[in-house]
Amino acid sequence: MARKMYLTISGIIFGLVALLHLGRLVYGWEVQFGGLTIPFWLSWGGFFAAGILCIWAFGQLRVSK
């Protein structure tokens, strides 16, 4: 039961992160830390990485049933 809960929560969190990266790319949201502006190409990597982890988590959840 704990594994299923972990995979579900992980999949949801990674899915939300992927959607936020996609939202940044689509709507052109600026992100700054201190005086440093984060380039948009980093959101492409974040979108794909979080998306792959989301798919993996839900795939593992499906396999473990």
Side-chain angles (χ1 to χ4, degrees):
M1 181 68 164
R3 176 182 164 94
K4 290 180 182 181
M5 180 80 79
Y6 170 78
L7 290 171
T8 302
I9 292 171
S10 295
I12 290 170
I13 290 172
F14 283 123
L16 289 174
V17 170
L19 288 175
L20 285 172
H21 279 291
L22 184 61
R24 178 175 188 241
L25 291 166
V26 170
Y27 296 111
W29 297 332
E30 293 284 331
V31 174
Q32 292 185 353
F33 288 107
L36 179 66
T37 301
I38 307 302
F40 282 98
W41 63 265
L42 279 177
S43 279
W44 281 110
F47 170 69
F48 285 116
I52 288 169
L53 288 170
C54 174
I55 292 167
W56 175 82
F58 285 118
Q60 289 296 310
L61 183 65
R62 188 170 183 222
V63 169
S64 66
K65 284 187 177 180

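Note that the numbering runs from 1 along the sequence shown for the chain.
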All heavy atoms of Glu30 vs all of Arg24, minimum pair found to be C-NE, 4.5 Å
Looking at every non-hydrogen atom in both residues, tell me the closest pair between Ala18 and Gly51 and how far apart they are. CB-N, 3.8 Å
Applying the 4.5 Å side-chain criterion to the ILVMFWY set and letting contacts propagate, would Leu19 and Val26 be lumped into a single cluster? no
Is there any ring-ring contact (aromatic ring centres under 6.0 Å, His included) pair reaching into residues 14-41, and which pairs are they, with sequence neighbours excluded? Tyr27-Trp29
Which atom pairs, one a donor and one an acceptor, fall under 3.5 Å between side chains of residues 6-13 and the rest of the protein, sequence neighbours left out?
residue: Thr8; atom: OG1; partner: Lys4; partner atom: O; Å: 2.8
residue: Ser10; atom: OG; partner: Tyr6; partner atom: O; Å: 2.9

Value for CG (Leu53) from CZ (Phe48), rounded to nearest 0.5 Å, stands at 13.5 Å
